[in-house]
Amino acid sequence: MGDLAQKPLLETAPTTHAALLAWVEEVAELTQPDRIHWVDGSEQENTRLTDELVAAGTLTRLNQELFPNSFAAFSDPADVARVEEQTYICSEKEHDAGFTNNWMAPAEMKQKLRGLFAGSMRGRTMYVIPFVMGHLDAEDPKFGVEITDSAYVVASMRIMARIGTDVLDRMTETNAFFVPALHSLGAPLAAGQADVPWPCNPDKWIVHFPEERSIWSYGSGYGGNALLGKKCYALRIASVMARDEGWLAEHMLILKLTSPEQKKYYISAAFPSACGKTNLALLDPTIEGWKVETLGDDITWMRFGKEGELRAVNPEAGLFGVAPGTGWGTNPNAMRAIAKGNSIFTNVALTDDGGVWWEGMTEEVPAHLTDWQGNSWTPDSDKPAAHPNSRFCTPIDQIDMLAEEYNNPDGVELSAILFGGRRKTTIPLVTEARSWSNGIFMGSTLSSETTAAAAGAVGVVRRDPMAMLPFMGYDAGDYLNHWVNLSAKANPERLPKIFLVNWFRRTPEGGFAWPGFGDNARVLKWAIERLEGKADAVETPIGFVPTGESIDLKGLDMTPAQVEEAVRVDPAEWATELASIEEWYANFGDSLPEALQAELAGLKARLG
């Protein structure tokens, strides 16, 4: 075990947290690293690690004038997205994983993983990363420790979470519970063996043990497979913690909307990956007098406050956004944050002057690039320059329009929740739910055409309840029941209103029925005016949609008739949709909440 044998672990560790020390020692014995490094989160440490990653060929240092302190990484072409088919929820009982998750008996999975992890860190450094999701001074801080053999993961986790000495000291002081999150690239090095720029293993496993609140990830160095504070902890494990403790861990953005009268509203929104979450979170409104600030672009933890209000907090410290489609024309706020530097880009293209580029970043396409696989690229090339799921990893505090409430450990009271997917037909631009229960029904039947954010076919319509299909840590019916039952804690007067949105609807000619991007503020304005009883709507079998005149079209080349077309409810399309919803609900068996069965029956009757 290299220098580990000479330096007893317990004597050199910067903590006396007994459970943590025991776990680190157990992992070191299993994985056999050459050395152990306790991550302190400092600037000096980050400089050393990124210098080493540049020397190893894993990172490319970008032009410091264009992107200060920023780097590009290029993954193995077989390690570019979440591997949902290899993601497991290993609950004690198979029922508790539910039909949306892969399941294996915990003892059988542990045996398999121990075999894979045995010696998996030979020739490498084992990094111990103490981190906290949310605020260190929250009433109930949620701690984790990721052990990894990837310095790329350390550098990325430093952006995405609060990590290092302060976190470890608080854990030690309070003898805090933590989620143990173990990650290995599965690429041990024999003595003298040369490394590759992106080590990984063709055999990939992303495994969660909900009862013991632990995560094991093997074989992938990419994104949500490897940054275990992200989807693995903040959604899959946190959703189980939330079920047991009476709160919600959701795949949602949070934004703050201020009206011309200076009234403040907070909105969360759930969209499947690559459906415009980051663009909405960082919206630049096109309507005068309205202002948007952001609190988060991906994950929201929600709890009922002392007065029965629903409060939301973003547990992350960075953005891990899909790069293609994020551009100066579509999302200038994200681009300004990225341009400040301190970012890691993965699988984007390189410009000849040492910058980065991806599809949609600028209107003008560069005449020459080096694509994400290192090939010379021109606009005539038959492949995209950046991978469709390429990413930027950027500190959230670089966003100019970050709301000051982001720093409030108690979060903000929600006025509205949006559910949205990517559908060419059927689903209107915006629909207001008839009730809270009807809103949960909308969320539970949310559907979207698949994108490149997950491995597999693109463009297939799949149901994605609350945009949580890949992220629920337990049975989907129990998850929906939790949404229904939790409402009992609420003050009904303070419950947020729920809306279903679809920015991606097409016209019969094939163009987009709505301009999207900054103009989505017009839909938010209508939603807020509905909360205040100011805006008109038409009742349809599925909920309330705007009248043509009730959406603010000032300065927009669009007519009320076109709005009416964008929100039209077509009975023939909905007959097909109803059949698809019934087929979806059949998967839940006995665990489908009665309240949602009643919602389905009501919709059927109204469409009848």
With a 3.5 Å cut-off and no angle check, do the side chains of Asn225 and Ser217 form a donor-acceptor pair? no
Min side-chain heavy-atom separation Asp149-Met126 under 4.5 Å: no
Does the structure place the NZ or CZ of Lys231 under 6.0 Å from the centre of the six-membered ring of Phe471, at an angle of no more than 45° from the ring's axis? yes
Would you say His135 and Val313 make side-chain contact, with heavy atoms under 4.5 Å? yes
Between His387 and Gln373, a side-chain donor and acceptor under 3.5 Å: no
Is the closest basic N to carboxylate O distance between Arg48 and Glu43 below 4.0 Å? no
Does Lys110 count as lying over the ring of Phe209, i.e. NZ or CZ under 6.0 Å from the six-ring centre, within 45 degrees of the axis? yes
Between Thr125 and Glu52, does a side-chain contact (heavy atoms from CB on, under 4.5 Å) hold up when you go through it step by step? CA-CA 12 Å; Thr125 299; Glu52 287 172 8; over 6 Å; no
Closest heavy-atom contact between Ala323 and Val348? CB-CG1, 4.1 Å
Any non-hydrogen side-chain atom of Pro465 less than 4.5 Å from a side-chain atom of Met472? yes
Determine, using ring centers only, whether Trp103 and Tyr88 are less than 6.0 Å apart. no
Step by step, would you call Ser376 with His368 a side-chain hydrogen bond (donor to acceptor under 3.5 Å, both in side chains)? CA-CA 7 Å; Ser376 177; His368 180 262; 2.7 Å; yes
Is a side-chain N or O of Glu250 found less than 3.5 angstrom from the main chain of Ile299, in a donor-acceptor match? no
Between the side chains of Arg391 and Thr346, is a donor N or O closer than 3.5 angstrom to an acceptor N or O? no
Walk me through it: do Arg336 and Met401 pass the test side-chain contact (heavy atoms from CB on, under 4.5 Å)? CA-CA 10 Å; Arg336 281 193 285 273; Met401 38 97 73; over 6 Å; no
Apply salt bridge (Lys or Arg N to Asp or Glu O under 4.0 Å) to residues Glu85 and Lys204 and explain how you reach the verdict. CA-CA 10 Å; Glu85 70 287 352; Lys204 295 174 174 50; over 6 Å; no
Take Thr47 and Leu49 through the test side-chain contact (heavy atoms from CB on, under 4.5 Å) and record every step on the way to the result. CA-CA 6 Å; Thr47 300; Leu49 288 179; over 6 Å; no
Parallel, tilted or perpendicular: which fits the ring planes of Trp377 and Trp357, with parallel below 30° and perpendicular above 60°? tilted
Strictly by modelled atom types, are Asp353 and Asn63 linked by a side-chain donor-acceptor pair under 3.5 Å? no
Applying salt bridge (Lys or Arg N to Asp or Glu O under 4.0 Å) to Asp137 and Arg170, what does each step give before you reach the verdict? CA-CA 10 Å; Asp137 50 1; Arg170 179 68 63 84; over 6 Å; no
Kindly compute the distance separating CG (Leu319) from CD1 (Ile396), expressed to the nearest 0.5 Å. 5.0 Å
Salt-bridge test for Asp397 and Lys340: reply yes if a basic N is under 4.0 Å from a carboxylate O, no otherwise. no
Aromatic rings Trp358 and Phe392: how do their planes relate, parallel, tilted or perpendicular, breaks at 30° and 60°? parallel
Rounded at 0.5 Å granularity, tell me how far CG in Leu136 sits from CG in Asp166. 6.5 Å
Answer yes when Asp297 and Lys277 have at least one side-chain N-carboxylate O distance shorter than 4.0 Å, and no when they do not. no
Centres of the Trp205 and Trp216 rings: under 6.0 Å? no
Side chains of Met241 and Trp247, heavy atoms from C-beta outward: is any pair under 4.5 Å? yes
Worked check of side-chain contact (heavy atoms from CB on, under 4.5 Å) between Val145 and Met171: CA-CA 10 Å; Val145 176; Met171 286 175 65; 3.7 Å; yes
Please walk me through it: do Phe143 and Phe131 pass ring pair (Phe, Tyr, Trp, His ring centres under 6.0 Å)? CA-CA 6 Å; Phe143 293 103; Phe131 66 96; 9.2 Å; no
Aromatic Tyr479 / basic Arg243 pairing, under 6.0 angstrom, 45° off normal: no
Separation between OG (Ser70) and CG (Leu62), nearest 0.5 Å, reads 6.0 Å
Before we go on, tell me: are the rings of Phe178 and His17 under 6.0 Å apart, centre to centre? yes
Nearest-0.5 Å distance that lies between atom CG in Asp79 and atom CZ in Phe74: 15.0 Å
Report the C-alpha distance between Thr172 and Thr15 in whole Å, list the side-chain angles of each, state the deciding distance to 0.1 Å, and finish with yes or no for side-chain hydrogen bond (donor to acceptor under 3.5 Å, both in side chains). CA-CA 6 Å; Thr172 307; Thr15 181; 2.6 Å; yes
Nearest 0.5 angstrom please: Glu316 CD to Met160 CE, how far? 4.0 Å
Identify the heavy atoms of Ala385 and Glu359 that sit nearest to each other, and give their distance. N-OE2, 2.8 Å
Got a second to check how far Met466's CE is from His251's NE2, nearest 0.5 Å? 14.0 Å
Within the supplied structure, the quantity of interest is the number of heavy atoms (other residues, nucleotides, ligands) at a distance under 6.0 Å from Glu65 CD; does it exceed 12? no
Trp198 vs Tyr152, ring pair (Phe, Tyr, Trp, His ring centres under 6.0 Å): CA-CA, chis, key distance, verdict: CA-CA 9 Å; Trp198 188 273; Tyr152 165 88; 4.9 Å; yes
Test side-chain hydrogen bond (donor to acceptor under 3.5 Å, both in side chains) on Glu293 and Tyr406; report intermediate values, then the result. CA-CA 10 Å; Glu293 294 162 90; Tyr406 168 77; over 6 Å; no
Would you find a donor on one side and an acceptor on the other, under 3.5 Å apart, between the side chain of Asn201 and the backbone of Gly186? yes
Hey, are the side chains of Tyr474 and Ser239 touching, using non-hydrogen atoms and a 4.5 Å cut-off? yes
Between Lys230 and Asp298, does any side-chain N to carboxylate O distance fall below 4.0 Å? yes
Should Arg213 and Asp244 count as an ion pair when the cut-off is N to O under 4.0 Å? yes
